Amino acid sequence: MNEKVRTRFAPSPTGYLHIGGLRTALYGYLYAKKYGGDFILRIEDTDLQRYVEGSVEIIYDTLKDAGIVYDEGPDVGGNYGPYVQSERREIYHQYAEELIRRGGAYYCFCDKERMESLRDENGNCRYDKHCLHLSEEEIKAKLESGAPYVIRQNIPEEGTGSYHDLVYGDISVDFKDMEDGILIKSDGMPTYNFANVVDDHLMGITHVIRGSEYLSSTPKYNLMYDAFGWQRPVYIHLPPIMKDERHKLSKRNGDASYADFVEKGFVKEAIVNYIALLGWSPKENVEKMSLSEMIERFSLDGISKSPSIFDEAKMRWLSGEYIKEMSDEEFVARGDAFFRKSKVYGKYDLKKIAALLKTRVETFGEIPEKIDFLEEFGEYDVALFTHKKMKTDENIARIVLPAARELFASLSSFDFNTLHEAMMGLVGKLGMKNGQVFWCVRVALSGRESTPGGVMELAELLGKEESLKRLDFSMKLLGL
RNA sequence: GGCCCCUUGGUCAAGCGGUUAAGACACCACCCUUUCACGGUGGUAUCAUGGGUUCGAGUCCCGUAGGGGUCACCA
């Protein structure tokens, strides 16, 4: 196989790009790039009923945002266009007629009523090839009279369709279990069943990567490739991504999409990294990977056959790993939207806050809740001064706080090092343990059981004036 | 219901006839430590089930159960 690898992602513009779709795109991209091939984006908009305004742009934006770049597509061009199916109507008709000539399809004039009468006890109707037996004259007459028609695939009544899937292995389906599906609808548009075959061939797609829902209909497509005398592509079907063991993850159920997770503050690279790991694992047993590392490591034998359940907790962890690696500047820049949501925006040095926050949040979304106490300070439960392990309580606090207040007031500079030295001195002077002093002052400054950073970091951030104000307030709470 | 496919800890998963059945997330404990984190160490927990084949089965075969997909003028 020395022909150039060409894969494609072919979504229909029916709304947001969901996680499963994005993974399909990602694998197609990874596979193509792994072998120096091309990755193509094709829009499958043959169902005008389901078309949702603006979703094509969402597809472009999401892929771009996720770093999945396509070599050819509606907005970037290419030599195999157009890349939007609704612009290829004539092509489909031409090939449909060709297929009829080759005996692989036929005109069908049956109406809804007749189809209804074919329904079986399970409510399924199965076309009986009625129109396959129309004479050429009858067909011509009907066509000329302008009677509505569809074009159906002519599937053999016996035999078995077999093929080899690179993930699932050998798949066989009996022709008798397949219906003569519609290839061209009465509105003149092709169905997926036909358009995907024609386009994949015309666009030179070598590897078809798609969801496992097509596993059992693929023999139908092979019948067409064979009838046309075209080379069948290599098939790679992917297991579904589940929300829980019973339900597939889907936008229709209101499950989060890529965009939703970005909005929640997950690091983009982590989202892409995580979904790559759903249904695929590299041989090297590594999990955190950049896109280029994924390309290097991607291999089809690492794709699993069974569905995997989407675990937000693990994606959250990965997101945290990416955050820990960021510089303070990058954290501030990328978390900007979330810093803006916090009450402290514009009032503090965000780079200093970033340094404290990086190991304490896994998504940018957690930023506001972690730092709002810098602006919000008031009544709190004095029981916070009691901490068994630190050996401290309200009475210790009554000794520590006034001393700390006096100390703070005496400091001419209020940076971390000065504070550290001063606080250590205070510990010695009071003859207490570090924890006793630090715990009490930190609580007095924050009113919180836990904070990002310790006393010195907090005092430096708040500044001398605010620190003294808070100490005064806390002393009052303790009845001093 | 017919057909196709799937089944290793709570989750993602490695394994491809012989292993003490990796690793990660989550969880728990301990260490580090001025809180919380980070980091470090350790721990709990898995081969759906019944038959075969084999000296030997998570790995191969068959059945059963459970789950998913599909059976549209949707993709």
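Predicted model, so just to flag it, every value in this text is computed and none were measured. Chain naming here is simple, since letters A, B, ... match the order of the sequence lines and numbering starts at 1 in each.
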Looking only at side-chain N and O atoms, does [X] come under 4.0 Å of OP1 or OP2 in [N]?
| X | N | result |
| --- | --- | --- |
| A:K185 | B:C74 | yes |
| A:S212 | B:G68 | no |
| A:N285 | B:G23 | no |
| A:K314 | B:U11 | no |
| A:T191 | B:A75 | no |
| A:S281 | B:G23 | no |
| A:K324 | B:G39 | yes |

When the [atom1] atoms of [N] and [M] are considered, how many whole Å apart are they?
| N | M | atom1 | answer |
| --- | --- | --- | --- |
| B:A57 | B:A48 | C1' | 16 Å |
| B:C16 | B:C74 | P | 47 Å |
| B:C12 | B:A45 | C1' | 15 Å |
| B:A21 | B:U44 | P | 14 Å |
| B:U11 | B:C27 | C1' | 12 Å |
| B:C62 | B:C4 | P | 13 Å |
| B:U46 | B:A22 | P | 12 Å |
| B:G50 | B:G58 | P | 12 Å |

May I ask you to check whether [X] and [Y] show a side-chain donor-acceptor distance below 3.5 Å?
| X | Y | value |
| --- | --- | --- |
| A:Q85 | A:D199 | yes |
| A:Y51 | A:S86 | no |
| A:K283 | A:S299 | yes |
| A:Y214 | A:N196 | no |

Any base atoms under 4.0 Å from [X], or only sugar-phosphate, or nothing? Heavy atoms, all strands.
| X | answer |
| --- | --- |
| A:M390 | sugar-phosphate |
| A:Y214 | base |
| A:S446 | nothing |
| A:S186 | base |
| A:L318 | nothing |
| A:R246 | sugar-phosphate |
| A:G279 | sugar-phosphate |
| A:T14 | nothing |
| A:K288 | nothing |
| A:D177 | sugar-phosphate |

Looking at the side chain of [X], which of [options] is the nearest nucleotide?
| X | options | result |
| --- | --- | --- |
| A:L215 | B:U33, B:U11, B:C5 | B:C5 |
| A:E287 | B:C12, B:G67, B:U8 | B:C12 |
| A:Y168 | B:G10, B:C5, B:G23 | B:C5 |
| A:D47 | B:A75, B:C25, B:G39 | B:A75 |
| A:F438 | B:A75, B:A37, B:U34 | B:U34 |
| A:W317 | B:A24, B:A13, B:C73 | B:A24 |
| A:S306 | B:C6, B:U34, B:A75 | B:C6 |
| A:I309 | B:C12, B:A75, B:U33 | B:C12 |
| A:V150 | B:C3, B:A26, B:C73 | B:C73 |
| A:K305 | B:C12, B:C4, B:C6 | B:C6 |

From [atom1] of [X] over to [atom2] of [N], roughly how many Å is that when rounded to an integer?
| X | N | atom1 | atom2 | answer |
| --- | --- | --- | --- | --- |
| A:W439 | B:A37 | CH2 | P | 11 Å |
| A:R50 | B:A72 | CZ | P | 15 Å |
| A:I171 | B:C4 | CD1 | P | 10 Å |
| A:Y107 | B:C73 | OH | C1' | 16 Å |
| A:E369 | B:C36 | CD | C1' | 13 Å |
| A:I275 | B:U11 | CD1 | C1' | 17 Å |
| A:F175 | B:C3 | CZ | C1' | 14 Å |
| A:M189 | B:A72 | CE | P | 22 Å |

Between the base of B:U35 and the side chain of A:K389, is there a donor-acceptor distance below 3.5 Å? no
Any donor-acceptor pair under 3.5 Å between the side chain of A:R442 and the base of B:U34? no
Both distances below 3.5 Å, Watson-Crick or wobble geometry, any strand: find the nucleotide opposite [N].
| N | result |
| --- | --- |
| B:G18 | B:C55 |
| B:A65 | B:U7 |
| B:C38 | none |
| B:C27 | B:G43 |

Check: [X] ring centre within less than 6.0 Å of [Y] ring centre:
| X | Y | answer |
| --- | --- | --- |
| A:F266 | A:F338 | no |
| A:F473 | A:F377 | yes |
| A:F310 | A:Y274 | yes |

Closest-nucleotide ordering on RNA chain B, the 5'-leading residue of A:H247 and A:V173: A:V173
Audit row: A:N273, A:Y322, side-chain hydrogen bond (donor to acceptor under 3.5 Å, both in side chains) steps and yes/no: CA-CA 10 Å; A:N273 191 158; A:Y322 278 88; 2.6 Å; yes
Salt-bridge test for A:K176 and A:D174: reply yes if a basic N is under 4.0 Å from a carboxylate O, no otherwise. yes
Hey, are A:E157 and A:K129 close enough for a salt bridge, meaning a charged N less than 4.0 Å from a carboxylate O? no
